[in-house]
Amino acid sequence: MEEENRDEEVMGSSLTMEKVAAAKQFIENHYRAQMKNIQERKERRWVLERKLASSDVPEEEQINLIKDLERKETEFMRLKRHKICVDDFELLTIIGRGAFGEVRLCREKKSGNIYAMKKLKKSEMLIRGQVEHVRAERNLLAEVASHCIVKLYYSFQDTEYLYLIMEYLPGGDMMTLLMREDTLTESVAKFYIAQSVLAIESIHKHNYIHRDIKPDNLLLDKNGHMKLSDFGLCKPLDCRTLSTLNENETMDDESMREPMDIDGCFPDADNGRNWKSPREQLQHWQMNRRKLAFSTVGTPDYIAPEVLLKKGYGMECDWWSLGAIMYEMLVGYPPFYSDDPITTCRKIVHWRNHLKFPEDTKLTLEAKDLICRLLCDVENRLGTGGADQIKAHPWFKDIAWDKLYEMEAAFKPEVNGELDTRNFMKFDELDPPTPARTGSGPSRKMLLTPKDLSFVGYTYKNFDAVKALRNPSDLMRSTSPKRPSIDSIFGVSKVNYTTKGAAEETDVQMLASTGDAMSP
Ligand SMILES: Nc1ncnc2c1ncn2[C@@H]1O[C@H](COP(=O)(O)OP(=O)(O)OP(=O)(O)O)[C@@H](O)[C@H]1O
């Protein structure tokens, strides 16, 4: 009994210590961010004044433009002070469901802007040890401002869920496109693979590794251009099972070695006893694909061997995934597909014995070569020395890399209005749309629990979300019809409101929201 009391005391005091540490961190970050805000605001004004001074804009207009800037700054401050919560959004159609939650279309009540809301259950994230991954996703989205990466507007949390408010990409995902098309021609595949190269390059430049690049995470905007999403929520397969399988692999490999050379058939989960022709393999893959996508383990088909083996891996693993996607685009199913995910993993780990091209698939030598240069050992893998190695591959010889996002897309999705969800599967509502759990009401006054502490630092607001601003360059557009815009003076936006800056500032915001929860 005494011992139990002592244990409770110890637990209580460590919780108090955690709370004290969080409060200290909150105060420090708050003041640091305030200083930074003031400095950045000054810098923006200084940049604008300098540009105007060296332009021929009449003095009166200059004064008005500076006033415009100050007005936007005030709006931004207001947005930052507002504690955003799920109540600020009208919840519309569900467009995706993953292992940790769902994605749905939503409308911001105040601005009418349409976004995609990804909602993740905190308890699931904790149980599956995904807290760090979800933080990585939020950080990456906030930090990397690139047209190849889905844009994050806000992230926030309530007692049960984490929320990401992202731009809505109405063209659907690559998984759906591939299921509809079976295979793509080389020129269509080249367009998407080239855009993926740019997207992967842009995250690598910020020192992030995706590790889970797959067609489900390649989304299409209304023009058919591709963007990468879903960062950090990787779902590694249980590798304990895999290591048991490794012990028997010599024997298994022997039985799996010869198949393709015979008549273009593939062995399956039972290691050779169940043969499938490429056509059957395709049908089988399509039947299982959605089930795999929505399962909690996900599909391992695109994961690099070094990731599966937990050997230690680097950015090269994303180039492997790209190779597997390219194979699927051109052949119809991924290179190591099998009925059972563990067999797929084994095939990936022993890729040398299992990477085959069906005889009836007519691929150019360049395409085959690129796939083989991506699906190989890390030491020989193209991209290990940077994305330029891949860009220089002969398969891409006719690609104008710097024009890729300006050219017409390979497919233009059918999209009718901003609420159109025709390019997504239909999902049933499992629970009625959740009522708000923060923003107001008693739950906001709850004591901080260890669960909340795990997610301190999640809240984020992007400057682009400032009311009525859909495009960052709008900042530089005049609100008066008669007044010239800064854009029209300089051609492009010159005032620098980096998303990165906003992300750092709003780290304080997320602490502030936890701070509220901490107050008695
Ligand atoms: N910004 C977006 N715009 C449009 N659709 C989206 C957006 N984000 C996600 N989706 C849709 O929702 C699906 C699931 O999204 P996502 O992969 O991010 O969720 P998840 O819960 O992390 O899933 P996973 O199990 O793959 O980790 C995507 O495949 C896509 O169809």
Side-chain angles (χ1 to χ4, degrees), residues 89 91-108 113-122 124-125 128-138 140-142 144 146-155 161-180 199 203 210-237 289-303 321 325 341 413 415 418-427 430 462 464-465:
F89 300 88
L91 306 182
L92 309 168
T93 328
I94 301 181
I95 50 175
R97 193 162 273 146
F100 302 97
E102 64 188 26
V103 180
R104 67 163 80 225
L105 202 62
C106 68
R107 182 191 280 115
E108 191 180 20
N113 289 348
I114 298 295
Y115 298 110
M117 173 191 279
K118 179 161 164 176
K119 181 173 134 188
L120 304 157
K121 202 163 171 69
K122 280 183 181 180
E124 278 296 308
M125 314 299 306
R128 291 166 197 249
Q130 294 292 321
V131 175
E132 274 318 305
H133 294 150
V134 77
R135 190 186 295 279
E137 173 169 45
R138 128 76 176 82
L140 183 137
L141 285 171
V144 182
S146 155
H147 53 265
C148 326
I149 304 293
V150 65
K151 189 172 187 159
L152 177 70
Y153 286 90
Y154 310 105
S155 60
Y161 295 101
L162 299 172
Y163 300 86
L164 292 168
I165 305 290
M166 302 170 280
E167 66 179 307
Y168 169 50
L169 297 172
D173 57 58
M174 186 54 66
M175 171 180 77
T176 311
L177 188 141
L178 285 176
M179 287 183 67
R180 197 182 66 213
I203 62 166
H210 194 295
R211 285 183 295 189
D212 194 23
I213 293 176
K214 52 189 177 190
D216 333 27
N217 298 335
L218 302 175
L219 305 180
L220 300 173
D221 69 13
K222 68 174 189 309
N223 299 315
H225 288 279
M226 218 199 60
K227 298 195 188 205
L228 187 55
S229 82
D230 193 13
F231 301 91
L233 290 191
C234 60
K235 295 170 292 181
L237 218 95
R289 182 62 172 100
R290 289 219 186 263
K291 250 194 279 160
L292 275 172
F294 305 137
S295 74
T296 47
V297 282
T299 157
D301 282 278
Y302 313 93
I303 301 179
S321 306
I325 296 173
V415 180
E418 58 178 4
L419 294 179
D420 193 347
T421 56
R422 79 179 68 193
N423 295 306
F424 295 88
M425 250 184 83
K426 306 274 170 280
F427 294 88
L430 293 180
N462 185 329
D464 297 353

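Note that ligands are numbered from 1 as they come in the structure, with each ligand's atoms numbered from 1 the same way.
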(message) If I compare all heavy atoms of D420 with all of Y168, which pair ends up nearest, and what's the gap?
(response) O-OH, 2.6 Å

(message) Within the 4.5 Å heavy-atom criterion, are L228 and L218 side-chain neighbours or not?
(response) yes

(message) Please classify the E102 to ligand 1 contact at 4.0 Å (heavy-atom distances, strictly less than): side chain, backbone, both or neither.
(response) neither

(message) Does only the side chain of K118 get under 4.0 Å from ligand 1, or the backbone, or both, or neither? Count heavy atoms.
(response) side chain

(message) Below 3.5 Å, N or O to N or O, backbone or side chain included: is there any such pair between D216 and ligand 1?
(response) yes

(message) I want to confirm something. Looking only at heavy atoms, which of T176, L219, L152, I165 is nearest to atom 8 (N) of ligand 1?
(response) L219

(message) Under 4.0 Å from a heavy atom of G96: which atoms of ligand 1 are those, numbered in the order shown and with their elements?
(response) 12 (O), 13 (C)

(request) Just let me know how D212 lines up against ligand 1, side chain, backbone, both or neither, with a heavy-atom cut-off below 4.0 Å. (result) neither

(request) Give a yes or no answer on whether the side chain of N223 reaches the backbone of H225 with a donor-acceptor pair at less than 3.5 Å. (result) no

(message) So if I count the atoms of ligand 1 from 1 in the order they appear, which ones are less than 4.0 Å from some heavy atom of E167?
(response) 1 (N), 2 (C), 3 (N)

(request) Could you say whether the N/O atoms of Y168 and ligand 1 ever approach to under 3.5 Å? (result) no

(request) For F424, counting its heavy atoms only, list the atoms of ligand 1 lying under 4.0 Å from any of them. (result) 4 (C), 5 (N), 31 (O)

(message) Need the ligand 1 atom indices (1-based, order shown) with element for anything under 4.0 Å from a heavy-atom of A116.
(response) 1 (N), 2 (C), 3 (N)

(message) Taking 4.0 angstrom as the limit and counting only heavy atoms of K214, give me the atoms of ligand 1 inside it, by number and element.
(response) 26 (O)

(message) Strictly distance-based, threshold 3.5 Å: is any side-chain N or O of H210 a donor or acceptor partner for the main-chain N or O of S229?
(response) yes

(message) Given 3.5 Å as the limit, does a donor-acceptor pair link the side chain of R97 with the main chain of E102, or not?
(response) no

(message) With a heavy-atom distance limit of 4.0 Å, tell me whether N217 approaches ligand 1 through its side chain, its backbone, both, or neither.
(response) side chain

(message) Donor-acceptor pair, distance only, cut-off 3.5 Å: does the side chain of S321 make one with the backbone of Y302?
(response) yes

(request) Measure up the Y154 and Y115 rings against each other and bin them: parallel (under 30°), tilted (30 to 60°), perpendicular (over 60°). (result) perpendicular

(message) Looking at every non-hydrogen atom in both residues, tell me the closest pair between Y153 and M166 and how far apart they are.
(response) CD1-C, 4.0 Å

(request) Check each of N423, L169, L220 against V415 using the side chain to side chain contact (heavy atoms under 4.5 Å, CB included) test, and report the only one that passes. (result) N423

(message) V150 versus ligand 1: do any nitrogen or oxygen atoms come within less than 3.5 Å of each other?
(response) no

(message) Please check whether D173 reaches ligand 1 - meaning an N/O of the residue sits under 3.5 Å from an N/O of the ligand, judged on distance alone.
(response) yes

